[in-house]
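All values derive from a computational prediction rather than experimental measurement. In each ligand, atom 1 is the first atom listed, and ligand 1 is the first ligand listed.
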Amino acid sequence: MNQWLESHTRPLIIGHRGASAHAPENTLAAFRLAHEQGADGIELDVTRCLSGEVVVIHDDTLDRTTNGEGNVTEWSLAELRTLNAGNGQRIPTLDEVFETVGRDLLINVEVKNPTTSHSGLEAAVVEVVRRNNMTGRVLFSCFNPLVVRKLAILAPEIPRAILYSPDLPIYLRDVWLAPFVPHQFRHPEHSMVTLEYVRYLGRQKLRVNTWTLNNPADITRVAACGVSAIIGDSPKMMREVLAVRG
Ligand code: G3P
Ligand code: MG
């Protein structure tokens, strides 16, 4: 059984891009710190670089989070290794994240929208998860329902979530493709979460994980709505707000 699907008495606490409030986002330092802060899991973003490896970085380009520039897809892994992703951290591969914290944390792998339908990103990500024996601890998510559908076909044993937010076109915001996309979780942006909405989705056997929660009042509110997981930049703060002990 995949651990995301187990029942729990409080929302899971998931570090968004690791403990990204306190360490450079999507780096091994941020993922280790999330574990030290008592997170149940982490969220991270993956894409494929020029040499084909699955690497962990949020943007399509290197400019915001590293001292490199241009598209990630135009750099080989060897070249990406030379870059500083903050405080001397490197851009990690998904393999390295699994090796570092895969035994300790649940991992929400957000698959970035592949730049072309032939990028092979979905198959490459599934291969890395299976090779690391992480199928019981990974949850996939993506803003593109067609990518979620492809993941369902490639790896039906790994649960999936559809991501969306209020600023998207109505067909994505209201998840019009949902009937054609086998999935177990919805990942709405937190302002979309209400008690009625969580119950409505619950009647469809869908659980709700929500993001990005960095404000105590918002965390308390979505927890009261019955979400399964709260994704935010500071696991330490989320634990304090939810009064998690131990
Ligand atoms: O997966 C939740 C959240 O990370 C989605 O948005 O842009 O931060 O990847 P983004
Ligand atoms: Mg993300």
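Nearest protein neighbour of atom 9 (O) of ligand 1, counting heavy atoms only, is E110 OE1, 2.7 Å.
In terms of polar-atom proximity, defined here as any N/O pair under 3.5 Å, T212 makes no such contact with ligand 1. Polar contact check, H16 against ligand 1: a nitrogen or oxygen pair lies under 3.5 Å apart. The N/O atoms of H187, backbone and side chain alike, include none that comes under 3.5 Å of an N/O atom in ligand 1.
Minimum-distance N/O/S atom of E110 relative to the Mg ion (ligand 2): OE1. Its N, O or S atom nearest to the Mg ion (ligand 2) is what matters here, and for D45 that atom is OD1. Taking the N/O/S atoms of E43 in turn, the shortest distance to the Mg ion (ligand 2) belongs to OE2.
A chain of hydrophobic side-chain contacts below 4.5 Å, direct or via other Ile, Leu, Val, Met, Phe, Trp or Tyr residues, connects L12 to L5.
Counting the atoms of ligand 1 from 1 in the order shown, those under 4.0 Å from a heavy atom of F143 are 5 (C), 6 (O). Atoms of ligand 1 lying under 4.0 Å from any heavy atom of R17, numbered from 1 in the order shown and given with element: 7 (O), 8 (O), 10 (P). Contact atoms of ligand 1 toward E43: 1 (O), 2 (C), 3 (C), 4 (O) (distance under 4.0 Å to a heavy atom of the residue).
Heavy atoms of I231 found under 4.0 angstrom from ligand 1: none, in either backbone or side chain. Proximity of H58 to ligand 1, defined as any heavy-atom pair under 4.0 Å, is confined to the side chain (atoms from C-beta onward). With a 4.0 Å cut-off on non-hydrogen atoms, E25 does not touch ligand 1 at all.
Taking the centre of each ring, W211 and F185 stay at or above the 6.0 Å mark.
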Can you list the steps and then say if K112 with E110 is a side-chain contact (heavy atoms from CB on, under 4.5 Å)? CA-CA 6 Å; K112 285 297 164 188; E110 181 186 345; 2.9 Å; yes
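A side-chain donor from one of D167 and S165 sits under 3.5 Å from a side-chain acceptor of the other. With no hydrogens or angles considered, a side-chain donor-acceptor pair links D233 and N214 at under 3.5 Å.
Using a 4.0 angstrom heavy-atom cutoff, K112 counts as in contact with ligand 1.
A 4.5 Å side-chain heavy-atom check between M1 and E6 finds at least one atom pair inside the cut-off. F31 is listed as a side-chain neighbour of V56, based on a closest heavy-atom distance under 4.5 Å.
Of the possible polar contacts, one joining the T210 side chain to the H190 backbone as a donor-acceptor pair under 3.5 Å is found. No donor-acceptor pair under 3.5 Å is formed between the side chain of N132 and the backbone N or O of M134.
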